[in-house]
Amino acid sequence: MSTFWIISMSLLWVAVIVLTVLVLLLYRQFGLAYMSGRTRAALQGLDLGARARPVALTAPDGTARDIDWSAAAAPGATVLVFAQPSCPICGELAADAASLPASWPASRFVWVDGTITGRPPRAVDSAPGWIVGTAEGDAVHRAWDVSGSPFAYVVGANGRIAAKGVVNRAADVERLLANVLGAGAGAGAGAGVISA
């Protein structure tokens, strides 16, 4: 075998491997293109089972609010709802979800609003049981890899992500909570978790 033949065969195999990878990536793109928007949006964000990342918020009154993931501070489920002030669905969700802490008194609820200069967070900030705030430059949205809203995570007592998904109504948030805590945990039943 000549050196030319060895080099040409090596280059041929490199080209075959590169083209195989490119074809697989193309199939992936076709799959994403044919998915419904809701299914595709549900794939965003941190993976289930991943450790919860820090959440540093500025409350509407200007005070700093840090969400603690230690077992002592969050022994139960915590729901984080990511929203944007310019999102009309987020406004409807804020009104619909205001009563969730009363239905799930043993869980902690956090509304993470995006920032638009001069625009306050959603109306959910006046609802009892909600921790509401924004992060400068949408830092929390980026840290949690949320590119579309409204999107929610349920973080378990161990500080790991137990559920996630697109939420357009309070019923969607309750479905995520029921998947983590069980259907009987709502409506005052408590699931051995504490309120914030």
Side-chain angles (χ1 to χ4, degrees), residues 31-32 34-53 55 57 67-69 71 73-114 121-133 138 140-141 143-196:
L32 289 174
Y34 288 117
M35 272 185 199
S36 69
R38 185 178 182 90
T39 304
R40 187 172 43 252
L43 294 175
Q44 73 177 330
L46 302 176
D47 293 331
L48 295 178
R51 181 149 300 282
R53 297 199 174 151
V55 176
L57 302 173
I67 307 303
D68 189 3
W69 298 117
T78 300
V79 177
L80 290 119
V81 177
F82 288 85
Q84 290 292 340
S86 59
C87 165
I89 297 172
C90 299
E92 293 170 14
L93 176 63
D96 192 26
S99 63
L100 280 176
S103 299
W104 296 82
S107 298
R108 180 169 61 168
F109 292 85
V110 181
W111 186 274
V112 183
D113 219 351
R122 294 282 177 190
V124 77
D125 65 344
S126 61
W130 279 92
I131 299 169
V132 178
D138 294 340
V140 178
H141 284 70
W144 286 70
D145 197 22
V146 174
S147 58
S149 57
F151 193 84
Y153 287 98
V154 177
V155 179
N158 58 1
R160 296 197 176 272
I161 297 167
K164 68 176 186 172
V166 176
V167 290
N168 293 331
R169 302 176 321 270
D172 296 334
V173 177
E174 288 189 295
R175 178 182 41 82
L176 289 175
L177 269 168
N179 287 341
V180 173
L181 299 177
V193 292
I194 66 165
S195 177

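Counting begins at 1 with the first residue of the sequence.
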- [ ] Report yes if some heavy atom in the side chain of Val155 is under 4.5 Å from a heavy atom in the side chain of Leu80; otherwise report no.
- [x] yes
Open item on the list: With a 4.5 Å cut-off on side-chain heavy atoms, are Val79 and Arg108 touching?
Closed with: no
Task: Any Lys164 side-chain heavy atom under 4.5 Å of Leu176 side chain - done: no
TODO: Over all heavy atoms of both residues, which pair between Ala83 and His141 is shortest? Give the atoms and the distance, please.
DONE: O-NE2, 3.0 Å
- [ ] Only pairs at least two apart or in different chains count here, so list each ring pair (Phe, Tyr, Trp, His ring centres under 6.0 Å) that has a residue in residues 154-182.
- [x] none
Open item on the list: Applying the ring pair (Phe, Tyr, Trp, His ring centres under 6.0 Å) criterion to Phe109, which one of Trp130, Tyr153, Trp104 satisfies it?
Closed with: Trp130
Open item on the list: To the closest 0.5 Å, what do you measure between CZ (Phe151) and SG (Cys87)?
Closed with: 13.5 Å
TODO: Decide yes or no for Pro150 and Val166: does some side-chain heavy atom of the first lie under 4.5 Å from some side-chain heavy atom of the second?
DONE: no
- [ ] To the nearest 0.5 Å, tell me how far Leu93 CG sits from Arg169 CZ.
- [x] 10.0 Å
Task: side chain to side chain contact (heavy atoms under 4.5 Å, CB included) between Thr78 and Val110, worked out - done: CA-CA 7 Å; Thr78 300; Val110 181; 4.0 Å; yes
Open item on the list: Under a 3.5 Å distance rule, please check whether Asp96 uses its side chain to pair with a backbone N or O of Glu92 as donor and acceptor.
Closed with: no
TODO: Specify the closest pair of heavy atoms between Ala77 and Val154, including all atoms of both residues, with the distance to one decimal.
DONE: CB-CG1, 4.1 Å
Task: Test item: Asp113 side-chain N/O and Gly133 main-chain N/O as donor-acceptor pair under 3.5 Å - done: no
- [ ] Could you pull out all residues at least two apart from Arg51 that satisfy side chain to side chain contact (heavy atoms under 4.5 Å, CB included)?
- [x] Arg160
TODO: Find the distance between CD (Gln84) and SG (Cys90) and round it off to the nearest 0.5 Å.
DONE: 7.0 Å
Task: Distance (rounded to the nearest 0.5 Å) between Trp111 CH2 and Leu57 CG - done: 13.0 Å
Task: Gap between atom CZ of Arg53 and atom CG of Asp145 - 0.5 Å precision - done: 7.5 Å
TODO: May I have the step-by-step check of side chain to side chain contact (heavy atoms under 4.5 Å, CB included) for Trp144 and Ile161, ending in yes or no?
DONE: CA-CA 11 Å; Trp144 286 70; Ile161 297 167; 4.0 Å; yes
